[in-house]
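Working notes, beginning with the structure itself.
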Protein chains: 2
Amino acid sequence: MIFQKYLAKHDLRDTPQRELILDAFLTLEEHISAEQLYDIVKRQDPSIGQATVYRVLKLLMEAELAREIDFGDGVIRYEHKYNHPHHDHLVCRGCGKMLEVVDPVIEELQKRVAESHGFKLTDHEMYLYGLCEDCRRKKSAGPQ
Amino acid sequence: MIFQKYLAKHDLRDTPQRELILDAFLTLEEHISAEQLYDIVKRQDPSIGQATVYRVLKLLMEAELAREIDFGDGVIRYEHKYNHPHHDHLVCRGCGKMLEVVDPVIEELQKRVAESHGFKLTDHEMYLYGLCEDCRRKKSAGPQ
DNA sequence: TTAACAATGATAATAATTTTCAATAGGATG
DNA sequence: CATCCTATTGAAAATTATTATCATTGTTAA
């Protein structure tokens with residue numbers, strides 16, 4: 001609905017490809033790369049091109065339905081934005097496990113840090129990297 | 001000196017190219033991309049190859065002399081790490097101006113957030129984005 | 001000085017993403 | 001419903017940043 005409204009407002013057409021990619025994206029729970037999404041969508045319609053997937057992801061960003069996340073590994077991933085409020089990411093350096101976290105005090109302090117330099121904060125990114133319990137156990141138990 | 005020690009310890013050779021690139025990097029105050037560094041170095045020695053610049057930056061990382069920063073625009077930049085303790089970045093969405101910031105309370109809270117999920121924090125990245133004073137003034141004054 | 005091999009520069013390769021472009025297909029209008 | 005205009009599509013080429021390859025050069029230690 002939101003996407004359709006966005007399309008209408010911007011004189012863009014509602015095509016079966018766009019619907020398919022949107023549905024596939026919304027069905028997913030976790031963040032996903034353009035290539036992964038292409039793989040999924042291709043199963044339902046092998047004729048779809050990957051450029052279209054990239055194009056739709058860009059549209060979803062503009063429609064505020066998707067948000068980019070970048071762990072710095074050269075691949076951009078996307079996650080839901082609609083009905084999925086802001087949060088940061090806690091990532092395990094060992095196994096890659098990822099948790100969404102928010103700390104309201106940090107959020108408030110970030111605003112203040114920005115203000116103390118004359119900035120009006122618009123948004124931020126925070127990635128916490130560490131080792132999860134499992135990986136720490138493996139590390140101390142296993143050889144070296 | 002530190003770089004030379006690192007080279008010696010790892011059975012790597014101290015070459016004029018490595019010296020030149022290291023010096024150019026250390027002379028710089030701000031963060032820089034591999035390509036920008038290549039441009040600078042090329043002026044002093046046009047025969048230098050850009051692969052060497054990429055290779056030396058990798059060495060500087062291993063020697064703890066450089067640190068990567070990634071603003072998510074597809075280009076990796078590097079900044080000094082030696083004698084330049086950890087900090088985060090406050091970036092203006094308007095003009096790109098960048099400030100280094102640290103808030104010890106945020107740092108502490110990050111550790112606690114990680115611990116509350118069973119993680120042992122190893123490092124983090126935090127980018128605060130906003131509008132600086134100048135850009136805000138321009139925005140409210142200028143047309144639209 | 002010479003054998004062994006690390007380092008270099010040029011270039012090719014990679015990988016993710018974007019652009020190009022000819023063919024196709026929405027959808028408003030008559 | 002047919003038609004025209006133009007947005008959209010898929011395939012493939014182009015881009016961009018970075019990495020790998022490889023023949024040649026330079027260093028070092030015996």
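Every chain is numbered from 1 and lettered A, B, ... according to where its sequence line falls, protein lines coming before strand lines. Quick caveat: nothing in here was measured; it's all calculated off a predicted structure.
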Between protein and nucleic acid, restricted to nucleotides 25-30 of chain D and to nitrogen or oxygen atoms under 3.5 Å apart, what atom pairs and distances do you find?
residue: D:dG26; atom: N2; partner: B:R13; partner atom: NH1; Å: 2.9

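Summarising the geometry, the separation between CG on B:L12 and P on C:dC5 is reported as 16 Å, rounded to the nearest angstrom. Per the geometry, CG belonging to B:L57 stands 9 Å off P belonging to D:dT18, to the nearest Å. Rounded to whole angstrom, the span from the CG atom of A:L7 across to the P atom of C:dA28 amounts to 13 Å. Between A:L22 atom CG and D:dT8 atom C1' there is a gap of 17 Å when expressed in whole angstrom units. The CD1 atom of B:I21 sits 11 Å away from the C1' atom of C:dA7 (whole-angstrom rounding). For B:K42 and C:dA10, the NZ to P distance is 11 Å, given to the nearest whole Å. The distance between atom CD1 of A:I48 and atom P of C:dT24, rounded to the nearest whole Å, is 17 Å. Between the OH atom of B:Y38 and the P atom of C:dT8 there is a distance of 14 Å, given to the nearest Å.
A:M1 belongs to no multi-residue hydrophobic cluster, having no ILVMFWY side-chain contact under 4.5 Å with any other such residue. Side-chain contacts under 4.5 Å among hydrophobic residues (ILVMFWY), followed directly or transitively, place A:L99 together with A:L90, A:V101, A:V105, A:I106, A:L109, A:V113, A:F119, A:L121, A:M126, A:L128, B:L90, B:L99, B:V101, B:V105, B:I106, B:L109, B:V113, B:F119, B:L121, B:M126, B:L128.
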Point to revise | Summary of protein contacts for nucleotides 16-23 of chain C, nucleotide by nucleotide, where a base hit scores B, a sugar-phosphate-only hit scores S (4.0 Å, heavy atoms) | key: SBBBB---

Practice item. Dump the intermediate steps for salt bridge (Lys or Arg N to Asp or Glu O under 4.0 Å) on A:E108 and A:R112, then the final yes or no. Key: CA-CA 6 Å; A:E108 177 58 30; A:R112 289 198 203 163; 3.3 Å; yes

Donor-acceptor pairs under 3.5 angstrom involving side-chain atoms of residues 69-79 of chain B: please list them, not counting sequence neighbours.
residue: B:D70; atom: OD1; partner: B:G72; partner atom: N; Å: 2.7
residue: B:D73; atom: OD1; partner: B:V75; partner atom: N; Å: 3.2
residue: B:D73; atom: OD1; partner: B:R77; partner atom: NH2; Å: 3.1
residue: B:D73; atom: OD2; partner: B:R77; partner atom: NH2; Å: 2.3
residue: B:E79; atom: OE1; partner: B:H87; partner atom: NE2; Å: 3.3
residue: B:E79; atom: OE2; partner: B:R67; partner atom: NH1; Å: 2.9
residue: B:E79; atom: OE2; partner: B:H87; partner atom: NE2; Å: 3.1

With a 3.5 Å cut-off and sequence neighbours excluded, list the donor-acceptor pairs that the side chains of residues 21-36 of chain A form with protein atoms.
residue: A:T27; atom: OG1; partner: A:D23; partner atom: O; Å: 2.8
residue: A:S33; atom: OG; partner: A:Q36; partner atom: N; Å: 3.1
residue: A:S33; atom: OG; partner: A:Q36; partner atom: OE1; Å: 3.3
residue: A:Q36; atom: OE1; partner: A:S33; partner atom: N; Å: 2.9

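Both B:D45 and B:D11 lie close to DNA chain C; mapped to their nearest nucleotides by heavy-atom distance, the more 5′-ward contact belongs to B:D11.
Within the 4.5 Å cutoff, the side chain of B:K42 has no heavy atoms near those of the B:Q50 side chain.
In terms of the side chain to side chain donor-acceptor pair (under 3.5 Å) criterion, residue partners of A:R93 (sequence neighbours excluded) are, by chain and number, B:D123. The ring-ring contact (aromatic ring centres under 6.0 Å, His included) search around A:F3 returns none, not counting sequence neighbours. Scanning for ring-ring contact (aromatic ring centres under 6.0 Å, His included) contacts around B:Y6 gives B:H10, with sequence neighbours left out.
Distances shorter than 4.0 Å separate none of the side-chain N or O atoms of A:T15 from OP1 or OP2 on D:dA7.
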